[in-house]
Structures are given as structure tokens and as C-alpha cells.
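We name chains A, B, ... by the order of the sequence lines, and we start the count at 1 in each one.
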Number of protein chains: 4
Amino acid sequence: MPKVGMEPVRRAALVEATIAEIGAEGSLDVTVGSIAKRAGVSSGLAHHYFGGKDDLFLAAMAHILAGFHDEVRDALRNAETRRGRLDALVRASFAPSCFKPQTIAAWLNFYVMAQTSPRAEHLLHIYRARLRSNLLHALRPLTGKPEAMAETLGALIDGHYLRQALRAGAMGAPEATRLTLDALDDMLEAQ
Amino acid sequence: MPKVGMEPVRRAALVEATIAEIGAEGSLDVTVGSIAKRAGVSSGLAHHYFGGKDDLFLAAMAHILAGFHDEVRDALRNAETRRGRLDALVRASFAPSCFKPQTIAAWLNFYVMAQTSPRAEHLLHIYRARLRSNLLHALRPLTGKPEAMAETLGALIDGHYLRQALRAGAMGAPEATRLTLDALDDMLEAQ
Amino acid sequence: MPKVGMEPVRRAALVEATIAEIGAEGSLDVTVGSIAKRAGVSSGLAHHYFGGKDDLFLAAMAHILAGFHDEVRDALRNAETRRGRLDALVRASFAPSCFKPQTIAAWLNFYVMAQTSPRAEHLLHIYRARLRSNLLHALRPLTGKPEAMAETLGALIDGHYLRQALRAGAMGAPEATRLTLDALDDMLEAQ
Amino acid sequence: MPKVGMEPVRRAALVEATIAEIGAEGSLDVTVGSIAKRAGVSSGLAHHYFGGKDDLFLAAMAHILAGFHDEVRDALRNAETRRGRLDALVRASFAPSCFKPQTIAAWLNFYVMAQTSPRAEHLLHIYRARLRSNLLHALRPLTGKPEAMAETLGALIDGHYLRQALRAGAMGAPEATRLTLDALDDMLEAQ
DNA sequence: AATGAATGAGGATTCATTCAT
DNA sequence: GATGAATGAATCCTCATTCAT
């Protein structure tokens, strides 16, 4: 049964299974056994490749963030103007993939973990630094106080996400996108 | 050991202990035993009064929300103008009590729980409905689109809270308050 | 609330509640609390009057046996002949009251308890001695080996009871009565 | 510690330990931990293989019934005549193995469990159906009412077993065997 | 590489029992 | 007499983790 070159396949399967399992449960109260079963491997293998439960979840969160990063990069690539870049960043933040229940569950539990896990905190820091950098880059030509505006936009994005994510039967993305962009326009106009 | 009239005392002690314990741990991975010990009672008593671990946490969160509710009410009572009411709501949302580590831990875990626990979701819904109602009331005379503005302000509040709560060595409150009110002013001005 | 002369009432209520509770559960895995609640008293009172859970069950079993004893006595009182006395004993053993689910549950658990509880064993011994005595008295004029016949009849009664008691959707009583009396007649005839 | 091919060994050890533990206690009030310790394994393994306490007891009872089944089959194999088959069935029912305290404890608790556990009830049904079938087969040539006679013999067997099992310092087997066969002869003779 | 048998600590929960009132 | 608050031991079960194969 052991095959060569299976490692990347196994790792990917376990990461996907972890995300799915946390999504199904809503919390980190999932067992390594259930994750392994979903991935079609033994529980021992999960430890073999990831070391432990926390590492598994961190890898899963890193995977989600990497996916998000890719989406942002693609969106920015197609943006022509400064304003278009801001649009792209907001739209990517509220992409359908971000509102999948399993992604929501991952994010919320990620926030919990970030309080105490330095590694989770680090991941979160990277996500925020990237977003801030992207926002700053696009905002600088448009406003005299890009720092404050970037922080405000970041808060709007996180806040709308949190609200839509936990809104029963929410439309989610479109509403959040519209409100954020409207607020952005208002704030730019007021300068 | 049994004494009459102790019920409110025990309940309060258990609720406080639950908040403290969750704050110390950062997550809901706390034992009823440790909560009970902190409250100075037996683990059995926690079940006697609250039924189970979830009920205990829900009671703790309800306690936090009630405290917040009181703070908002007091702040509003002292507000003179419409604009002053908005100020009060924002300031109350970023009051020092909200940024105590144990309050932060409670909120973050509350969000996680709200995904799957109808009772937690209900509690969250009440908090949001109250905030929205308060914001709408103050915004209506100041803007032509109070609904959207209330939602945006709510998102700003939640977003800034989330960001400051998980910001290493953050000042928290003052920064969040200032940014939120500045954004509010910009948006009102742009109307 | 304390009233004088309530003791017999409370005791009776607790005994009845114990029988009902064991009947509902099928086993001795019932709580003193649930028994007390059913009896409309506090759990403390159950201990006050009976001392403990086992004592409560023993009292309940004694109550059942006493009721059975009364039924037997009444039945014998109306019996005219020797053969009629045997009939009466068999019929009383299979009376509807004996096949109430709660009575069945009590008996089966009583057997379990009799293995290790001297007091339960003693109660069982009394029941058997009485039955044996009654059977012997009625059988002596009818057979040359009354001892063996009494033992056989006793076994038939216990065996049929056990079988009907645990027979899904059993008629219970009539079948057991008929078979026992038929066997008795056959055996007497063969002498 | 993990070894391959140990499953049957572990299962057997756990089943034996369950029977022994219940026998020592007299009731089902035994802990999975004590059973596991007696079997020389961890408590977790008991759950791993059997799922839970009830399943463990059911497996133990099934084991006892299987052993009895084997004894009956062997006994029947050596029986030459119809009457000999009846003898064999009765003797097997009162074999020394049936009167071991642990077997008695298992049977009595099995009866209790059969009231509420469909699986226990099913097991009991199978035991009875087999006995009935065996008795009918042997009785048909000897009597005009084999059904009734089988039921009566079954009751005699169960009844004598119950009586001897709970008879202080009983001889058990021989007495029960003799009385049952005597009654059988009487009944056959009376035809 | 991969398995899954095996461990054993840990925790929620239940409950008989006690005792202050 | 009567209550029920309070205890805390007891137990089932879960699960991360290890490791022989």
C-alpha cells in the first residue's frame, strides 16, 4: 500500500478534510480520526504528516489564506485604475468562496485560536499586513490620509464579513460589497 | 453546607468564574470542574443550577451582553444631541470593559457558537437588533439613508473591535473610537 | 409543611412510587430523586424514612409480596376442596396483578438482588416457604410424594411466570394457568 | 504494544472478564474499567471492540448461550432414543456449567435486560425457540399434545433453574434433573 | 509509507447521601 | 417533620497520540 510520491496527495486530502470537518462541526471540536476517515487515510498518517491536531488546523487555515491570496492577486491583475483596485480588493474579500460555511467556520475558529496560538496570530498578522499594503497602495493617490482610510476599510471588510457570515439566510456577498463600496465613495468624496 | 437564599450568589459566582476561566484559556476548552473550583463550589452545583456546560457559557455571554446593554443605556442617558447619541453608542462599544481579555475571549467564542447553537444565535440577534435600533434612531434625522448607514456603522464597530481585540499590544479603544467617528463624519458630510 | 400523622401516607407514597419507577425503567437504575418526585416529596425524605435506596426497594418488594399474600389468602378462603385449593394457589400466582409490567420488573430485579442481598434472599425464602407450605397442605391428601410434587408445582409456577412475563405480547395469565393445572392433573393421575 | 491478530484474543478476554465481573458482583453494576483490568487491557479497548457496556454484556450473554448450545448439541449427539433426547436436553439445561455463580448472575441480569433491550429480548427469543424446537422434536412421537408438553417442560426447566440458582447452598443440578424427569415421566404416563 | 491496535488521561454528568435551615 | 442545596465520588466514553508491524 505505501506508495512513493503520495505525500502531496495525502497532505492535500487531509487539509481539505480538515476544512470540511470543521465546517461540518462549526468548531474545532473535531477528531483527528474523523478527519483522517474523511481523507481516506488512517489517523496515524495525519500525525505522521502534520504532527498534531493544531498543526493540521493551522495548515488548513494557511491553505484558505493562500487561496484567498490567489484570488486577490488575480483580481488585482485585472484592475485597471486605482479605484478599480479598491473595488477588486473588496470584491475578493466578499467572494463566494469566502462565504462557504466551511470557510466561515475556519475564520471564526481562527480568530479564537489567534488569541493564544502565536502561529495563528502570525498567520493573521500576515493576512492583515497584506490587505493593508494592498489598500494603502491603491488609496495613496486618492486620499490625504491613506493610513486611516486603509484601517477603516479593513475594519469595514472584516465587520461586514462577520455580520454576513452570521446572518441567518444572508445574501452575504452582494450586500456587503455594495455597502462597503458606497461607504468608500462617501469617504473619498468628503475629503 | 446547604444554605437558603444562596442561589443568586452561586449563580453569579459561577457566571463570573465561567467568564474568567474562558478568558484565561481563550477558548471554550475549559472544564466545568475548573469553573466550579474558581467559583468555590462543587462541579455538581454548576450542573444543578445551569444544566450543563453550554448553558453555563450562554449565561455568561448573556451576562456580558446585559452589562454592555447597561453601559449603552447609561451613555445614551447622558447624550444631549443626535450626534451625541452616535458618539455615545460608539464609545460604549469600545469601552474598556469590552476590551478586557476575558470579554474578548467570550465574544470570539460566542461567534463560533452562534454558527450552530440556536440560543447563541438568538442572543447575537438581540444584540445586533438593539444596536441597529439605537443607531437608526440617532441617524434618521441626520441622513437620507439611515438603514444603510446603520449597517455600515455596525460593521465598522464590529470590524474595529475584531481588529483591535486581536492586535498585539493594541491600544484598542481610543484608536477604534476615533477612526469610527471620523468615518461617520465623512459619510454624513458626503450626503 | 410538616404535618403529624403523615408518616404512613408518605411511606406508602414512596413505596408505590418506587414500584412505578422501577416498572417504568425496568431495572433498579432509578434515582431516589425521581422516586421522590413521583411521590411528591423531597429526596431527603426518602432517606429519612427508608434509609437508602436498597431499603426502599426492599420495602417495595415486601409490599408486592404482602399484596400477593393477601390475594392468596382470599383465594384460599373461597376454596372448598383440596383440589380447589391447588387451583386457587395457581390462579393467584398468575393473577393479573402479577403480570403488571411494574410487578414483573420488581420480581426480575428481586431475583437479581437475592443473589447478594441477605435481606432480599430472606424475603424470597419467605415467599417460597409460604407457597411450599400451602402447596404441601393441599397436596398431601392427593399424592404419595407431596414434597416432590410441591417442588415441581412451584417450579412450574415460577417457570411459567418467567416465560409469560418475558413473552412479547403474551396473554400471560390464562395460558400459564391452564398449562399448570393440566400438568398437575396429569401428574396426579399418574400416581 | 499494538499487535496484529490480537482482536479475537482481546474480544475473548473481554467477554470472559465481563462474565467473571458480573458474576463477582451479581449485577450489571460493574464498571468497564474493572472488566478491562481483569481482561488485562485498557478501558478504551473495550469500547474500541464492543462499543459500550451494554454491547459488552450482550456479547457475554451470547457467549454463554453459545456455550450452552454446544453442550446441548453434544448431548443430543449421544442420545439414542426419543426419550434419551429428552433426558439429554434436561441434563444439559442443568449442567454444572449452568450453575456456576457467574452463569447464574448472567442469566438473572439477562432476564432483567430482556424487558427493555430489544437485542437482549432477541437473544432470549432465540434460546427459547431452540429449546422449544428440540423438545418438540423429541416429544412428538411420545405424546398427542407436544406443543403443550414442550411449553410445560420448558417452564419446568426454567423454573427449577431459577429455584436452584437462588437456593442457598443448593445441590442444584441433580435435584432439578430428577424432579424434571420424574414429572415428565408422570405426564407421559398419564396420556 | 501506512496502518490501526492500544493506551490512558481527562471530562461531563449523574446521584446517593448529608445536613443546615 | 420536611426540604433541597451542596457535595464529590464514580463512571462511561472520547480521543490525541504512540508504535509494532
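- One can place CD1 of Ile35(A) at 14 Å from C1' of dT17(F), the figure rounded to the nearest angstrom.
- Remark on DNA chain E: of its neighbouring residues Ser43(C) and Ser42(D), the 5'-side contact belongs to Ser42(D), judged by nearest-heavy-atom nucleotide.
- Place Gly40(B) and Gly44(C) on DNA chain F by their nearest nucleotides, and Gly44(C) ends up nearer the 5' end.
- Paired runs in DNA chain F that reach 3 or more consecutive Watson-Crick or G-U pairs, where each pair keeps both distances under 3.5 Å, cover E:2-21 with F:2-21.
- Atom pair Asp29(A):CG and dG10(E):P shows a separation of 17 Å (rounding to whole Å applied).
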> Where do His63(C) and Ile19(C) land on the side chain to side chain contact (heavy atoms under 4.5 Å, CB included) test, with the steps shown first?
Replying inline: CA-CA 9 Å; His63(C) 180 73; Ile19(C) 295 171; 3.8 Å; yes
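- In this structure, Arg119(C) does not pair ionically with Asp54(C), as no charged nitrogen and carboxylate oxygen lie closer than 4.0 Å.
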Listed pairs under 3.5 Å, donor-acceptor, residues 102-112 of chain D side chains, sequence neighbours left out:
| from | atom 1 | to | atom 2 | distance (Å) |
| --- | --- | --- | --- | --- |
| Thr103(D) | OG1 | Ser97(D) | O | 3.0 |
| Asn109(D) | ND2 | Gly26(D) | O | 2.9 |
| Asn109(D) | ND2 | Ala105(D) | O | 2.8 |

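- Val9(D) comes within contact range of no nucleotide atom at all, as no heavy-atom separation falls under 4.0 Å.
- The separation between Met6(D) atom CE and dT3(E) atom C1' is 17 Å, rounded to whole Å.
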>> Go through it in stages, so that I can follow the logic: the residues are Leu58(B) and Ser117(B), the test is side chain to side chain contact (heavy atoms under 4.5 Å, CB included), and I'd like the CA-CA distance, side-chain angles, deciding distance and then a yes or no.
In response: CA-CA 10 Å; Leu58(B) 249 13; Ser117(B) 159; 4.3 Å; yes
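- With a 6.0 Å cutoff to the six-membered ring centre and a 45° limit on the axis angle, Arg10(D) does not count as a cation-pi contact of Tyr49(D).
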> Does the side chain to side chain contact (heavy atoms under 4.5 Å, CB included) test come out yes or no for Ile35(B) and Lys53(B), once each step is laid out?
Replying inline: CA-CA 10 Å; Ile35(B) 292 172; Lys53(B) 199 178 165 181; 5.6 Å; no
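- If you take CG of Leu28(A) and P of dC15(F), they are 14 Å apart, rounded to a whole angstrom.
- Residues from residues 45-63 of chain D lying near DNA chain E, meaning a heavy-atom separation below 4.0 Å, are Leu45(D), His48(D), Tyr49(D) in numerical order.
- Side-chain contact check for Arg38(D) versus Leu14(D): every heavy-atom pair is 4.5 Å or farther apart.
- Rounded to whole Å, atom P of dA6(E) lies 8 Å from atom CD of Glu7(D).
- For the pair Arg10(B) and dA6(F), the criterion of a side-chain N or O lying under 4.0 Å from OP1 or OP2 is met.
- The closest side-chain heavy-atom distance from Val15(D) to Arg11(D) is not below 4.5 Å.
- Counting to the nearest Å, the C1' atom of dT11(F) and the NZ atom of Lys37(D) are 14 Å from each other.
- In this structure, Thr31(B) OG1 and Glu25(B) CD are separated by 9.0 Å, a value rounded to the nearest 0.5 Å.
- Per the geometry, CD belonging to Glu21(A) stands 14 Å off C1' belonging to dC15(F), to the nearest Å.
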